[in-house]
Student: 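Got a structure for you, written out below as structure tokens; questions coming shortly.
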Amino acid sequence: MLAGCEQRMRDMYEQPRYDPGESSTLWPDGKAGRPPVAGTVAWAAGDLAATSSGRRGTDIPRDVDRAEQAAALPPLTPALLARGRERYGIYCLPCHGAVGDGDGPVVRRGFPRPPSYHQERLRTAPDRHFYDVISQGFGVMKPYADRVTPQDRWAITAYVRALQLSQHAPFDRLPPRLQARIGVASAPEGGS
Ligand code: HEC
């Protein structure tokens with residue numbers, strides 16, 4: 001009986017249909033496929049856009065491999081950080097919040113609160129930890145590997161590092177202008 005089911009399944013795979021480029025008597029131009037509406041602009045986005053087979057990553061293996069094997073951030077550029085900021089806003093901010101302290105809008109509506117990126121353990125965690133959490137998930141946080149490409153995981157990691165620095169900048173790494181201002185502001189207390 002089960003064998004019979006399998007046979008029927010196969011029959012469903014082999015239904016009558018038109019393949020790309022096939023002809024048909026249904027339309028005056030004799031083609032099964034319909035031409036795009038006038039003014040249509042061909043456009044593709046996402047990590048399958050550059051592939052011809054439609055199989056994820058098979059046509060862009062070099063960049064993906066490099067990103068997947070890297071242990072630390074790629075060279076920092078304004079473009080990488082901008083991309084990371086944009087992707088963070090889409091995929092992480094809803095829970096982790098704009099500054100990364102774990103009070104995003106989804107959390108305010110009852111989702112478990114993630115830890116703040118500004119705690120010592122995550123400040124000193126290796127870059128790769130963030131990449132791995134995005135790829136594999138962590139505890140109740142789901143993995144984002146199917147939505148965030150390897151390159152974008154590094155871009156997000158770079159942006160998270162920038163967020164961490166924004167909340168915990170060592171004095172000697174501040175630009176001189178800010179150092180001077182803080183020095184003046186804390187002077188009345190005899191500050192350090
Ligand atoms: C739907 C909510 C949600 C989203 C979206 C989300 N996270 Fe999380 N994240 C969590 C929660 C909750 C935890 C704590 C999980 C636990 O400890 O069980 C967490 C934990 C983490 C941790 C800490 C892991 C550790 O060592 O404690 C990192 C880093 C992290 N997330 C990064 C990210 C990044 C980067 C993104 C975006 C790609 C993201 N998360 C998207 C909810 C989310």
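Order of listing sets the numbers, starting from 1, for every ligand and every atom in it. Position 1 is the first residue of the sequence, and the numbers go up from there.
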Student: Hey, looking at atom 19 (C) of ligand 1, which of Pro114, Gly137, Ser135 has the closest heavy atom?
Tutor: Pro114
Student: How close do Pro75 and Leu80 get, heavy atom to heavy atom, and via which atoms?
Tutor: O-CD2, 4.0 Å
Student: Considering heavy atoms of the protein only, find what lies nearest to atom 15 (C) of ligand 1 and give residue, atom and distance to 0.1 Å.
Tutor: Phe138 O, 3.3 Å
Student: Would you call Arg113-Asp103 a salt bridge at under 4.0 Å N-O?
Tutor: no
Student: May I ask you to identify, for Lys142, whether its side chain, its backbone, both or neither come under 4.0 Å of ligand 1 on a heavy-atom basis?
Tutor: neither
Student: Out of all atoms in ligand 1, which are within 4.0 Å of some heavy atom of Pro112? Include the element for each.
Tutor: 12 (C)
Student: Check whether any side-chain N or O of Arg109 sits under 3.5 Å from a backbone N or O of Pro105 as a donor-acceptor pair, and report yes or no.
Tutor: yes
Student: Please work out which of Tyr131, Tyr159, Phe130, Tyr117 has its closest non-hydrogen atom nearest to atom 33 (C) of ligand 1.
Tutor: Tyr117
Student: Tell me which protein heavy atom sits closest to atom 39 (C) of ligand 1, plus the residue, atom name and distance to 0.1 Å.
Tutor: Met141 CE, 3.3 Å
Student: Ignoring hydrogens and geometry, is there a side-chain-to-backbone donor-acceptor pair from Thr40 to Pro36 under 3.5 Å?
Tutor: no
Student: Which of the atoms of ligand 1 are close to Ile156, meaning less than 4.0 Å from one of its heavy atoms?
Tutor: 35 (C)
Student: Working to the nearest 0.5 angstrom, can you tell me the gap between Ile156 CD1 and His96 NE2?
Tutor: 10.5 Å
Student: Tell me which part of Phe111 gets within contact of ligand 1: side chain, backbone, both or neither, using heavy atoms under 4.0 Å.
Tutor: side chain
Student: Which ligand 1 atoms does Pro115 reach within 4.0 Å, using its non-hydrogen atoms?
Tutor: 13 (C), 14 (C), 20 (C), 23 (C), 27 (O)
Student: Does an N or O anywhere in Tyr91 fall below 3.5 Å from an N or O of ligand 1?
Tutor: no
Student: To the nearest 0.1 Å, how far is atom 21 (C) of ligand 1 from its closest protein heavy atom, and which atom is that?
Tutor: His96 CE1, 3.4 Å
Student: Using 4.0 Å as the upper bound for N to carboxylate O, is an ion pair formed by Asp29 and Arg34?
Tutor: yes
Student: If the plane angle is over 60° it's perpendicular, under 30° parallel, otherwise tilted; pick one for Phe138 and His129.
Tutor: perpendicular
Student: Drop me the distance from Ile182's CD1 to Leu174's CG, to the nearest 0.5 angstrom.
Tutor: 5.0 Å
Student: With atoms numbered from 1 as shown, which atoms in ligand 1 lie under 4.0 angstrom from a non-hydrogen atom of Cys95?
Tutor: 1 (C), 2 (C), 3 (C), 4 (C), 5 (C), 42 (C), 43 (C)
Student: Quick one: CZ on Phe111 to CE on Met141, what's the gap to the nearest 0.5 Å?
Tutor: 9.0 Å
Student: Identify the heavy atoms of His118 and Leu163 that sit nearest to each other, and give their distance.
Tutor: CE1-O, 3.4 Å
Student: N/O of Tyr144 under 3.5 Å from N/O of ligand 1, yes or no?
Tutor: no
Student: Among protein heavy atoms, which sits nearest to atom 34 (C) of ligand 1, and what does the distance come to when rounded to 0.1 Å?
Tutor: Cys92 SG, 3.5 Å
Student: Could you tell me whether Arg85 sits above the aromatic face of Tyr159, with NZ or CZ closer than 6.0 angstrom to the six-membered ring centre and within 45 degrees of the axis?
Tutor: no
Student: Using a strict cut-off of 4.0 Å, indicate which atoms of ligand 1 neighbour a heavy atom of Leu122.
Tutor: 25 (C), 26 (O)
Student: Look at atom 18 (O) of ligand 1 and find which of Ile90, Val140, Val133 reaches it with the closest heavy atom.
Tutor: Val140
Student: For His129, state whether at least one heavy atom is located under 4.0 Å from any atom of ligand 1.
Tutor: yes
Student: Does Arg121 have a heavy atom less than 4.0 Å from any atom of ligand 1?
Tutor: yes
